[in-house]
Every structure is written in structure tokens, then in C-alpha cells.
Amino acid sequence: LACSSKYVLSQMHPMWQGPLAVPGGDRQSPIDIVVRKSVFDSKLKPLVTNYDPQTCQQIWNNGYSFLVEYDDTTDKSTLKGGPLQDQFRLCQFHFHWGESNAWGSEHTVDRRLFPAELHLVHWNSDKYSLFEEAVMEDNGLAVIGIFLKVGKRHEGLQKLVDALPAIRHKDSVVEFTRFDPACLLPANTDDYWTYHGSLTTPPLTESVSWIVMKQHIEVSHDQLAVFRSLLFTSAEEDVQKSMVNNFRVQQSLCGRTVRSSFT
Ligand SMILES: Cc1ccn(O)c(=O)c1
Ligand SMILES: [Zn+2]
């Protein structure tokens, strides 16, 4: 069983040459959320987000996804409430998606796959002074996961979609300002599942309080197609590879409980 071994081997991924051994390995992400096994916790509070669009700085292709990065040197864009005891600062958001609309999300709900998943990444600024510090601690990060479905065009997303052709290749970056990530939240942010897990990319550290929204957001087929026009590869490489299927395989629950904020 993957949980009992001292090391778990993450999925062999072309981008991460060879298996990655992760110390411990009994709190890995992503997972399948089995709705009927989740436990309602009445102590779970509503999420409180306070995002300042002025802290938005740049958008860049890191060779695995594209990241919209925020200035996290002050407490201007924060997350608190929900399952969290402390205040967390927004540092970036990014997505995971498939080559087709049939798959692409990292988490699943009763094995249901979504075409993509948005991650809003925050770190505990009550306890740590840098993201790099927090990422190594078991209460260091809080990531909001939001499922994307293909449907009507997402007006707020279009500004981001329009910036993507400028960062087609790995390591390209452009200035990106005044983007309010609150426009990407679903109407209902009171209903979520939460569990303790890990980053889904290296260093795969088990430092994440995951908050997975029950309600998805909708984006258009064309908007998602622009995500797929990005490349994993840098401009100099001879063979260009489409940035698709940038999700990790699901990990064992290892006896963890997934709590729900709703019945
Ligand atoms: C910090 C971090 C890095 C990668 N991914 O996928 C995440 O969801 C969070
Ligand atoms: Zn992610």
C-alpha cells in the first residue's frame, strides 16, 4: 500500500525526470473526494477572502503551468476563515488542464473528472515571513481548488486568456496588473471540502490545507483551447510540446478524513 512505504513514488512524469521520492508520503495530493465518506463539520466557517487587484504583478509560463503572481510582501491580498486558524497571503494562482475536455482536473468528486482546476495558493503570514519558508511547514499553505466546466464564456477570465499568447514558451513572462482573482470564485464559496495534503508538483511537501469548492465555474471551449496553445518547452528547443495534461495522478487517502462545510 502506498501509505505504508517510507517513500511514495510520485507518478513518472516526463517533466520530472524519473520517480520523485517524497519523505513520509501519507498526506499526498490530489485525491478523489468520496462525497458520502466526507464528514460534515459545523465548526467550519465561511471563507473570508480580501484580494486587492493592485497586488497583481505578472503572468509567466514556468514550464508546467502558467502562474499569475501577486505581491505578497504585505497583507493586502488575504484568505482567512474556513478551516484556517491563521491569516494567509495570496502569492499566485494557476491551473491544471487536459488535452481534451474529458479530463484535466487534479481532484475528482466521486471519481468525476473536470476539464480543468484552478488553484489559488496562499501562505501562512501569521507564522512565517516567506512562501519558501511556509512551503516546508505542515500548516504553511492554504490552496483553494475550483473546478472548471466548459460552458458559457467567463468574462473575467478573458483578460488573462488574452495575455497567454505572449507567454507561449517556458520561462516567458509579461507584466499583468489589476486582475481581481475574486472574479474567478464561484457564487457560493460557503460549500467546500477540506483536508490536509500536499503540493501536487515538486517539492510535493505536505504543507497544504486544501479547500476544494463544491460549486464549479464555467469557461468557454475557446478559452480553454487557449490554455492548450501554451507550450511546455522553451523557444530554443527543437521539439515543441503542447502544455496539456499538467496534472498529477491521484494519491491514496491513507486514512485521512475529508471534512465538508455543508450537509
Ligand atoms: C505551491 C503549489 C505549487 C504547485 N501546485 O500545483 C499547487 O497547487 C501549489
Ligand atoms: Zn496546482
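With Q215 contributing its side chain and A187 its backbone, the two residues share a donor-acceptor pair below 3.5 Å. Using modelled atom types, one side-chain atom of S220 and one backbone atom of Q223 make a donor-acceptor pair closer than 3.5 Å. Between the side chain of R168 and the backbone N or O of P165, no donor-acceptor pair lies under 3.5 Å. Judged purely by atom type and a 3.5 angstrom limit, S172 uses its side chain to pair as donor or acceptor with the backbone of I167. In this structure, the side chain of S29 engages the main chain of S198 through a donor-acceptor pair within 3.5 Å. At distances below 3.5 Å, at least one donor-acceptor pair connects side-chain atoms of D126 with backbone N or O atoms of Q87. With hydrogens and angles ignored, the 3.5 Å screen pairs a side-chain donor or acceptor of Q251 with a backbone N or O of V249.
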message = Could you walk me through whether E99 and N245 satisfy the side-chain hydrogen bond (donor to acceptor under 3.5 Å, both in side chains) test, starting with their C-alpha distance in whole Å, then the side-chain angles of each, then the deciding distance to 0.1 Å, before giving a yes or no?
response = CA-CA 6 Å; E99 65 193 285; N245 303 328; 2.5 Å; yes
message = Quick one, W60 with H94, criterion ring pair (Phe, Tyr, Trp, His ring centres under 6.0 Å). Give me CA distance, side-chain angles, the key distance, then yes/no.
response = CA-CA 10 Å; W60 71 293; H94 63 273; over 10 Å; no
inquiry  = Apply side chain to side chain contact (heavy atoms under 4.5 Å, CB included) to residues T189 and T49 and explain how you reach the verdict.
reply    = CA-CA 10 Å; T189 58; T49 54; over 6 Å; no
query = Given L47 and L185, is the side chain to side chain contact (heavy atoms under 4.5 Å, CB included) satisfied, shown in steps?
reply = CA-CA 11 Å; L47 286 189; L185 298 174; over 6 Å; no
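Classified by interplanar angle (parallel below 30°, tilted 30° to 60°, perpendicular above 60°), the ring pair F227/F66 is perpendicular.
For N101, the side-chain hydrogen bond (donor to acceptor under 3.5 Å, both in side chains) partners at least two apart in sequence or on another chain are H221, R228. The side-chain hydrogen bond (donor to acceptor under 3.5 Å, both in side chains) test applied to R259 returns D41, not counting sequence neighbours.
R89 pairs in a salt bridge (Lys or Arg N to Asp or Glu O under 4.0 Å) with only one of the listed residues (D75, D72, D71), which is D75. The side-chain hydrogen bond (donor to acceptor under 3.5 Å, both in side chains) with T200 is formed by just one residue from the set H119, E117, E106, Q250; it is E106.
Remark: the Y195 side chain and the S38 side chain contain no N/O donor-acceptor pair separated by less than 3.5 Å. If you check the side chains of Q240 and T233, you find a donor sitting under 3.5 Å from an acceptor. Side-chain N/O atoms of E69 and Q58 include a donor and acceptor closer than 3.5 Å.
The aromatic ring centres of W193 and H107 sit 6.0 Å or more apart.
By the 6.0 Å and 45° rule, K159 does not stack over the aromatic ring of F179.
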